Amino acid sequence: MCGRFAIHSPTDQIAARFGTVGQLPEFGPRYNAAPLQMLPVVRAHPETKERRLGLLRWGLLPVWSKDAAGAARMINARAESVPEKPAFRSAFRKRRCLIPFDNFYEWKADGKAKQPYAIGTTGNEKPDAFAGLWEGWKDPATGEWLHTFTIITTTANDATRDVHDRMPVILPPADWPAWLGEEEAGDDRLVGLMRPYPADRTRLWPVHRDVGNVRNDRVDLIEPINPA
DNA sequence: CCAGACGTTGTT
DNA sequence: GTCTGG
DNA sequence: CCAGACGTTGTT
DNA sequence: GTCTGG
């Protein structure tokens, strides 16, 4: 699955890579992006098709949520069921997005201990993109609107399976127009995009256990650790 | 008709 | 919001 | 995802 | 054990 990631490419580089227009959000490098935080997301305007980079909160709140308490359990959506699940199906049809990332983290269970690994692609162009969904939610208590998102997961590939059996859907640039709704795409096409990233273009390395605590956010969290 | 549910993950 | 169960 | 907390009562 | 917060 995917419950933590890093996005440290400069904001103007993110905008250039995704071809977004308009004002850039205030956002610095993050090495330990966690659920419930405001993070950069790429969306295309349904009419003009212009791509925009904005900050949305990680953890999708369905429109009918009475409060924001359940958001932390909606940080991922399963590719296998997302077209049918009531919490995700309308977002799957109308509100797809891309989440820029440089690498994500998975924890390998090892008895009681858990060893975190950073995972990324071998591509030179950064950042990469997770497939995501977003939703707007109006807080009944305050009347404030909150825009939230979730990251779609699929089965692990041969490079990551030893660490964990699920991984986020990573979309190559060729798939971005269809996913963002700039090209007409039916369910079958969209379902076909949600597949594991090729194992031969995936790399993985162990990192410091400090990444487990969301209060830690340092560049060395993405650096390979020396086997003790 | 109204009431109630609606999600993911990991673990043994 | 939208579907299912009663 | 991990870390950290984990309670009750009555009232408008 | 299970839920909430980040």
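In what follows, chains carry the letters A, B, and so on, assigned in the order in which the sequence lines appear, proteins first and then strands, with residues in each chain numbered from 1. Worth saying up front: this structure is predicted, and the values here are computed from it rather than measured. Every heavy atom of this structure was used, including side-chain atoms; hydrogens, water molecules and symmetry mates were not.
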Give [X] one of three labels, base, sugar-phosphate or nothing, depending on what nucleic acid heavy atoms sit under 4.0 Å from its own.
X        : value
A:Ser81  : sugar-phosphate
A:Thr153 : sugar-phosphate
A:Ile75  : base
A:Pro35  : base
A:Ala87  : sugar-phosphate
A:Phe88  : sugar-phosphate

How far apart are the closest heavy atoms of [X] and [Y], and which atoms are they?
X        : Y       : result
A:Thr11  : A:Leu53 : CG2-CD2, 3.9 Å
A:Asp102 : A:Ser9  : OD1-OG, 2.8 Å
A:Asp217 : A:Asn32 : OD1-N, 3.4 Å

Who is the Watson-Crick or G-U wobble partner of D:dT8, with both distances under 3.5 Å?
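Its partner is none (no Watson-Crick or G-U wobble pair with both distances under 3.5 Å).
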Counting only Watson-Crick or G-U wobble pairs whose two distances fall under 3.5 Å, which nucleotide matches E:dG5?
D:dC2
Given the [atom1] atoms of [N] and [M], what is the spacing between them in whole Å?
N     : M      : atom1 : answer
E:dG1 : D:dT9  : P     : 26 Å
B:dT8 : D:dC2  : C1'   : 15 Å
D:dC1 : B:dT11 : P     : 8 Å
B:dA5 : E:dG5  : C1'   : 25 Å

Sidechain-backbone polar pair: [X] side chain, [Y] backbone, donor-acceptor under 3.5 Å:
X        : Y        : value
A:Arg96  : A:Arg93  : yes
A:Arg161 : A:Thr155 : no
A:Trp179 : A:Gly132 : yes
A:Arg4   : A:Gly212 : yes

Any pair counted as ring pair (Phe, Tyr, Trp, His ring centres under 6.0 Å), so long as it reaches residues 15-51 of chain A, sequence neighbours left out:
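Only A:His8-A:Tyr31, A:Phe18-A:Trp176 qualify under ring pair (Phe, Tyr, Trp, His ring centres under 6.0 Å).
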Sequence neighbours excluded, every pair satisfying ring pair (Phe, Tyr, Trp, His ring centres under 6.0 Å) that has a member inside residues 109-140 of chain A:
A:Phe5-A:Phe130, A:Phe101-A:Phe130, A:Phe104-A:Phe130, A:Trp134-A:His147
By a strict heavy-atom criterion of less than 4.0 Å, which residues belonging to residues 203-215 of chain A are in contact with DNA chain D?
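Residues of residues 203-215 of chain A that come under 4.0 Å of DNA chain D are, in numerical order, A:Gly212, A:Asn213, A:Arg215.
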Contacted region of DNA chain D by chain A, from 5' end to 3' end of the hits, cut-off under 4.0 Å to heavy atoms, spans D:dC1 to D:dG4
With sugar-phosphate taken as primed atoms, P, OP1 and OP2 and all else as base, the protein-contact string of nucleotides 1-6 of chain C at under 4.0 Å (heavy atoms; B, S, -) is BSS---
Taking only residues two or more places apart in sequence, or in another chain, which ones meet A:Asn103 in a side-chain hydrogen bond (donor to acceptor under 3.5 Å, both in side chains)?
none
Could you go step by step and tell me if A:Arg201 and A:Asp128 meet the salt bridge (Lys or Arg N to Asp or Glu O under 4.0 Å) rule?
CA-CA 12 Å; A:Arg201 280 181 271 153; A:Asp128 289 305; over 6 Å; no
Decide yes or no for A:Thr121 and A:Lys126: does some side-chain heavy atom of the first lie under 4.5 Å from some side-chain heavy atom of the second?
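A side-chain contact exists here, since the closest heavy-atom pair is under 4.5 Å.
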